[in-house]
Amino acid sequence: DLRNKVLVFPQATKDSHVLVRAKPEQPLQNFTVCLRSYTDLMWPHSLFSYATKAQDNEILLSKPKPSEYRLYVGGKFVTFRVPESIVMDEHVCASWDSSTGIVGFWLNGKPWPRKGLQRGYTVGAEAAIVLGQEQDSFGGDFDAQQSFVGEMSSVYMWNTGISTSEVLAAMDNTPSRAPLFGWRNFPYKLVGEVYLEARM
């Protein structure tokens, strides 16, 4: 249970990351990913990378610039423009539904206008799931120029959609339904220079 802990990524590297030791056993028709990040980075960086052997950007949540988040599903992406923050921690959730292709996005508990992506697609199982780096091949091939520097916590993934009230519960680390994995019972391995520290 990592409720009062954060992952600290102290500097840009081509290898430091957190490996999430969880694998969905079934392909996904729906998913939601939530996490909290705290950074003053200006360069593009990857937060959550879910790669299969067939597709390195099966699911990717990244921040190409301070005023933009991007969600990839099956190699294609949608962009959500956000206010550029004065270095504060940001809680984001992104959800996707195969039957409609609808992507939901929440920043600090507030829903953004929904967009559409990859209707009818199925996200593969047997994935490598990495925090803080973008996988350019299954489980590796990282680029220091896309690495995350800062703090990350409250990481959750569900194989369902999510409502705004459930987003608020996840922000508070009191999720109302069991995730595939989550911060209260987090299966992880630190690789390279990443540290688990007390929340400040």
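One-based numbering along the sequence shown. Heavy atoms only: backbone and side chains are in, while hydrogens, waters and symmetry mates are out.
Between W106 and T164, the side chains place a donor N or O and an acceptor N or O closer than 3.5 Å (distance only, hydrogens not considered). Inspection of the Q146 and S46 side chains reveals no N or O donor paired with an N or O acceptor under 3.5 Å.
For CG of D1, the number of neighbouring non-hydrogen atoms (other residues, nucleotides, ligands) closer than 6.0 Å is greater than 12.
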- [ ] Under the side chain to side chain contact (heavy atoms under 4.5 Å, CB included) rule, what do L196 and Y188 come out as? Steps first, then yes or no, please.
- [x] CA-CA 11 Å; L196 191 62; Y188 69 96; 3.1 Å; yes

- [ ] Tell me, with the steps shown, if T39 and M152 meet side chain to side chain contact (heavy atoms under 4.5 Å, CB included).
- [x] CA-CA 9 Å; T39 181; M152 198 182 296; over 6 Å; no

TODO: Quick one: do L117 and K76 satisfy side chain to side chain contact (heavy atoms under 4.5 Å, CB included)? Show the steps, please.
DONE: CA-CA 7 Å; L117 180 67; K76 299 200 162 88; 3.8 Å; yes

TODO: Show your working on side chain to side chain contact (heavy atoms under 4.5 Å, CB included) between L71 and L60 and close with a plain yes or no.
DONE: CA-CA 6 Å; L71 178 72; L60 175 67; over 6 Å; no

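Below 30°, between 30° and 60°, or above 60°: for F186 and W183 the angle between ring planes is between 30° and 60°, a tilted geometry.
Every ring pair (Phe, Tyr, Trp, His ring centres under 6.0 Å) that F77 has, sequence neighbours left out, goes to Y72. The ring pair (Phe, Tyr, Trp, His ring centres under 6.0 Å) search around Y156 returns W158, not counting sequence neighbours. For R21, there are no salt bridge (Lys or Arg N to Asp or Glu O under 4.0 Å) partners, not counting sequence neighbours. Every residue two or more places apart in sequence or in another chain was checked for a salt bridge (Lys or Arg N to Asp or Glu O under 4.0 Å) with D141, and none qualifies. Contacts of F148 classified as ring pair (Phe, Tyr, Trp, His ring centres under 6.0 Å), with partners at least two apart in sequence or in another chain: F9, H45. Partners of R177 according to the salt bridge (Lys or Arg N to Asp or Glu O under 4.0 Å) rule, which considers only residues two or more places apart in sequence or in another chain, are E166. Listed by chain and number, the residues in a side chain to side chain donor-acceptor pair (under 3.5 Å) with Y121 are E58 (sequence neighbours excluded). Considering only residues two or more places apart in sequence or on other chains, S16 meets the side chain to side chain donor-acceptor pair (under 3.5 Å) condition with T13.
In this structure, R199 and N173 approach most closely via the heavy-atom pair NH2-ND2, 4.1 Å. Scanning all heavy atoms of the two residues, the minimum distance from P24 to L180 falls at CG-CD1, 4.1 Å. Nearest heavy atom pair, residue L131 against residue V155, reads CD1-CG2, 4.0 Å. In this structure, P179 and M157 approach most closely via the heavy-atom pair CB-O, 3.3 Å. Nearest heavy atoms, A198 versus V6: O-CG2, 4.2 Å. The two residues A128 and Q135 make their nearest non-hydrogen contact at O-NE2, 2.9 Å.
Taking 4.5 Å as the limit, every side-chain heavy atom of V78 sits out of range of all side-chain heavy atoms of W96. Looking at D15 and Q133, their side chains never come closer than 4.5 Å, going by heavy atoms from C-beta outward. Between Q11 and E193 there is a side-chain heavy-atom pair separated by less than 4.5 Å. Residues E134 and Q145 are not in side-chain contact: their nearest non-hydrogen atoms beyond the backbone lie 4.5 Å or more apart. Between P83 and L107, some side-chain heavy-atom pair lies under the 4.5 Å cut-off.
Residues in residues 158-200 take part in no disulfide (SG to SG under 2.5 Å) pair, two or more places apart or across chains. The stretch residues 91-116 participates, sequence neighbours left out, in no salt bridge (Lys or Arg N to Asp or Glu O under 4.0 Å) pair at all.
Note: the hydrophobic cluster containing F105 also contains I162 (ILVMFWY, side chain heavy atoms under 4.5 Å, direct or indirect links).
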Sequence neighbours left out, cut at 3.5 Å: what donor-acceptor pairs do the side chains of residues 26-35 make with other protein atoms?
| unit_1 | atom_1 | unit_2 | atom_2 | d |
| --- | --- | --- | --- | --- |
| Q29 | OE1 | S98 | OG | 3.3 |
| Q29 | NE2 | T122 | OG1 | 3.1 |
| T32 | OG1 | T160 | O | 2.7 |

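Under the 4.5 angstrom side-chain criterion for Ile, Leu, Val, Met, Phe, Trp and Tyr, the cluster partners of M171 are L168.
A distance of 14.0 Å separates CG of N4 from CE of M200, quoted to the nearest 0.5 Å.
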